[in-house]
Structure formats: structure tokens, C-alpha cells
Amino acid sequence: VNLKLFPPPKKKDSQVQVMEDTVTNAEKSFSQFCSLLAAYTRKTARLRDKADQLVKQLINFANTENPEMRATLRNFAEDLAKVQDYRQAEVERLETKVVNPLKLYGVQIKQTRAEIKKFKSVRNNEIKQLEKLEKLRQKSPSDRQTIAETSVQRASVDASRTSHQLEETVDTFQKQKLKDIQKIFSDFVTIEMVFHAKALEVYSSAFQTLESYDLEKDLEDFRAKMHGVYGRYDARPPVMDTTLSPALPWSLAQSAQSTIQSQRKEAVSEDDSAEEDPVEDLRGQAQGLHQ
């Protein structure tokens, strides 16, 4: 047997090292990406929850104010609630299209590592057979040398076949990894752009609502009340002012929260239809983040 026909061990060892480094680097990076983006998604969900609390507080405060401020704050609260509807859709999409695909890489990396381990075992067997043949050559018993040469040939064929399979496996892994990185972060950017575009539209409406607030009208109303309470003494019994009510009507107060909740469902549905690559409604799967 001509030993020159067999690939040098160092060359194959170098190939295996490159493959192992590729998988190790992917494992480390994807694990960090997954951890960071999962935290990003959770913080986005917490921001949504805090904004919901702000909406409730705005409505409560509006109920104690004069008509102009009450109407302005209620409209502003509705716009802010709508932004949180879009933020909820953002959270669901981040979980589905960014975080979950990263989690799946644990399985792929484990499978690729198993293939490398299998090849290394076969390769070690080939090296042992070559070493055994070399020892027999030195002793020169022809019959035993012939048997050893046959074992070496068989081991070499197994190693060559396994090496080819491993190269295909790692090549496929690398190709898929690069494509997935491109898609995952493209989806991430798309999700963020859709949210911010829609949020900007709603915030613009909220800004106009606040800008159009008629402060003077509320001041006139307030001063009229002040004069009515602290004005000159009048012997006649006071007449109750039924035209000015600083409190929000009971029916409106009761429906405020249900209105926000129904708008959230409509906005999420509207947001899904506006995206080029729509994501199915996964709100049920994202309840954990909303808690």
C-alpha cells in the first residue's frame, strides 16, 4: 500500500478544526443574539405595560378637569393607547420572527457537532490502522502485513466517505446560518420600521390634539366657578350650577377601558394587514411577555 495515496492527517485535522471553529463561533454568537433580543422584547413589553398605566392615569385625571382639558386628555389617551396596540403587535412579531428562530439553532448546532464527533472517531481509527501497518512493515511478515493493508484501505474508505459527508453538513450549516442571519435581522428591522411608522402617525395626531387645546376657555370656566364659590355674599339661596360638571359622565367613564381594549384588537389587525410580510395573530402565544 502506498501511504501517499492517503490524505495527510494534518490536512484533515486542519479541516476539522475549521469546522469546529465555525460551529463554536455560531453557537456563541447565536446564544448571545438570542439572549439580547429576548431581553429587548421583554423590555418592549414592559414599556407597553407602563404606557397602559399612563393611559389609565390620564383618563382618571381627565375626569377631574374642566371640559376642554377633559376632552383633550381623553383624545390624547386614546392615541397613546393606540400606540401600545402597535407595540403589542411589535412584541408578538419579535417573538415569532426573531427570538424563536434563534432558539432553534441550539438543535442545529448539536446535530452538526455530532457529525464532527463521528468523523473524528472514524479518522482516529484510520490513523490507528496506518500506525499498525507501519509497525508491521518494520517486522516484515508478509501475511500479517497484507491483512493490515486491507484494514487500512477499509478504514481509509470509511474516513473518506465520512469526511465528504461532514464537509457537506458543515457547508450546509454555514450557508443556512448566513441566510438566517440576513433574514432574522431583516425581519427585525422591518418590524421596528412598521411600528415606528405607525407610531409616528398616531403621535402626530396626539401632538395636534394637544396643540389645539383651548386654555383660555378652560380658564374662563375655572374663574367663573371661583367667582361663584368665593364671590359676594348673596342672601338668596345658592342656585346649583347644572351646566358645568367637572366630572366625566358615568357612562363614558365605564366605557373608557373597554374602548381602549377594543381599539387594541382593531389596531393589531390593521397593523398585520399593512405589513408586506404579514405575521399571523400570535397574541395568545405572547401572553407570557404581557404579564
Side-chain angles (χ1 to χ4, degrees), residues 25-61 73 76-109 177 179-207 209-210 256-291:
N25 291 337
E27 181 179 33
K28 181 179 179 181
S29 297
F30 275 73
S31 176
Q32 291 176 340
F33 285 145
C34 185
S35 177
L36 289 170
L37 287 167
Y40 181 98
T41 303
R42 289 193 300 270
K43 287 184 181 295
T44 302
R46 285 200 289 269
L47 177 60
R48 171 208 59 204
D49 294 341
K50 290 299 181 182
D52 283 342
Q53 293 177 16
L54 177 58
V55 168
K56 293 177 184 178
Q57 183 59 34
L58 282 168
I59 293 175
N60 290 338
F61 179 70
L73 288 180
F76 173 60
E78 288 178 3
D79 284 339
L80 191 57
K82 186 179 291 185
V83 172
Q84 307 324 306
D85 299 337
Y86 295 136
R87 203 183 301 277
Q88 170 64 21
E90 176 194 15
V91 168
E92 293 174 358
R93 289 168 180 166
L94 286 172
E95 183 71 21
T96 303
K97 303 191 76 174
V98 177
V99 177
N100 286 343
L102 288 170
K103 289 180 180 178
L104 295 177
Y105 260 86
V107 177
Q108 297 184 34
I109 289 171
K177 181 194 74 174
K179 288 174 63 177
D180 288 344
I181 280 290
Q182 180 187 32
K183 185 177 189 309
I184 287 170
F185 283 102
S186 292
D187 286 342
F188 172 78
V189 171
T190 300
I191 291 167
E192 292 298 296
M193 286 194 300
V194 168
F195 166 72
H196 287 291
K198 289 188 171 294
L200 179 61
E201 181 181 352
V202 177
Y203 278 134
S204 297
S205 172
F207 180 80
T209 295
L210 295 170
Q257 186 60 32
S258 61
T259 300
I260 293 174
Q261 293 175 350
S262 63
Q263 286 178 341
R264 170 157 295 174
K265 294 180 181 178
E266 294 173 1
V268 171
S269 176
E270 174 190 347
D271 197 19
D272 285 338
S273 63
E275 188 179 5
E276 286 187 7
D277 183 15
V279 176
E280 65 274 13
D281 184 11
L282 296 171
R283 188 184 182 93
Q285 300 178 12
Q287 290 301 320
L289 288 173
H290 191 47
Q291 294 175 352

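- What you find for Leu80 and Leu54 is that their closest heavy atoms are CD2-CD2, 3.5 Å.
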Which donor-acceptor pairs under 3.5 Å do side chains of residues 29-36 form with protein atoms, sequence neighbours excluded?
{"from": "Ser29", "atom 1": "OG", "to": "Asn25", "atom 2": "O", "distance (Å)": "3.0"}

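- Here the straight-line distance linking atom OG1 of Thr44 with atom CD of Glu192 works out to 6.5 Å at 0.5 Å rounding.
- Atom NZ of residue Lys177 and atom CD1 of residue Ile181 lie 7.5 Å apart, to the nearest 0.5 angstrom.
- Atom CG in Asp49 sits 8.5 Å away from atom CD in Gln88 (nearest 0.5 Å).
- In this structure, Lys183 pairs ionically with Asp187, as a charged nitrogen and a carboxylate oxygen lie closer than 4.0 Å.
- Distance check: Leu104 CG to Ile109 CD1 gives 11.0 Å after rounding to the nearest 0.5 Å.
- Arg46 pairs in a side-chain contact (heavy atoms from CB on, under 4.5 Å) with only one of the listed residues (Arg48, Lys50, Arg42), which is Arg42.
- Here the side chains of Thr190 and Lys97 are not in contact, with every heavy-atom distance at 4.5 Å or above.
- Few gaps surround CZ on Phe185; more than 12 heavy atoms of other groups in view lie less than 6.0 Å from it.
- To the nearest 0.5 Å, atoms CD (Glu78) and OG1 (Thr209) are separated by 9.5 Å.
- Residues passing the side chain to side chain donor-acceptor pair (under 3.5 Å) test with Glu201: none are found, sequence neighbours excluded.
- Taking 4.5 Å as the limit, every side-chain heavy atom of Tyr40 sits out of range of all side-chain heavy atoms of Val98.
- Residue Leu94 holds its CG atom at 8.0 Å from CG of Leu37, rounded to the nearest 0.5 Å.
- Partners of Ser205 according to the side chain to side chain donor-acceptor pair (under 3.5 Å) rule, which considers only residues two or more places apart in sequence or in another chain, are Asp79.
- Residues Gln84 and Leu47 share a closest heavy-atom pair of OE1-O, 4.3 Å.
- Partners of Glu27 according to the side chain to side chain donor-acceptor pair (under 3.5 Å) rule, which considers only residues two or more places apart in sequence or in another chain, are Arg113.
- Paired with Val83 under the rule side-chain contact (heavy atoms from CB on, under 4.5 Å), one option of Leu200, Val55, Val202 passes, and it is Val202.
- Contact record, Pro101 with Ile184: CB-CD1, 4.0 Å, taken as the closest heavy-atom pair.
- Scanning for side chain to side chain donor-acceptor pair (under 3.5 Å) contacts around Tyr203 gives an empty result, with sequence neighbours left out.
- With sequence neighbours excluded, the residues that form a side chain to side chain contact (heavy atoms under 4.5 Å, CB included) with Phe61 are Thr64, Glu65, Leu73.
- Tyr86 is not listed as a side-chain neighbour of Glu90, based on a closest heavy-atom distance of 4.5 Å or more.
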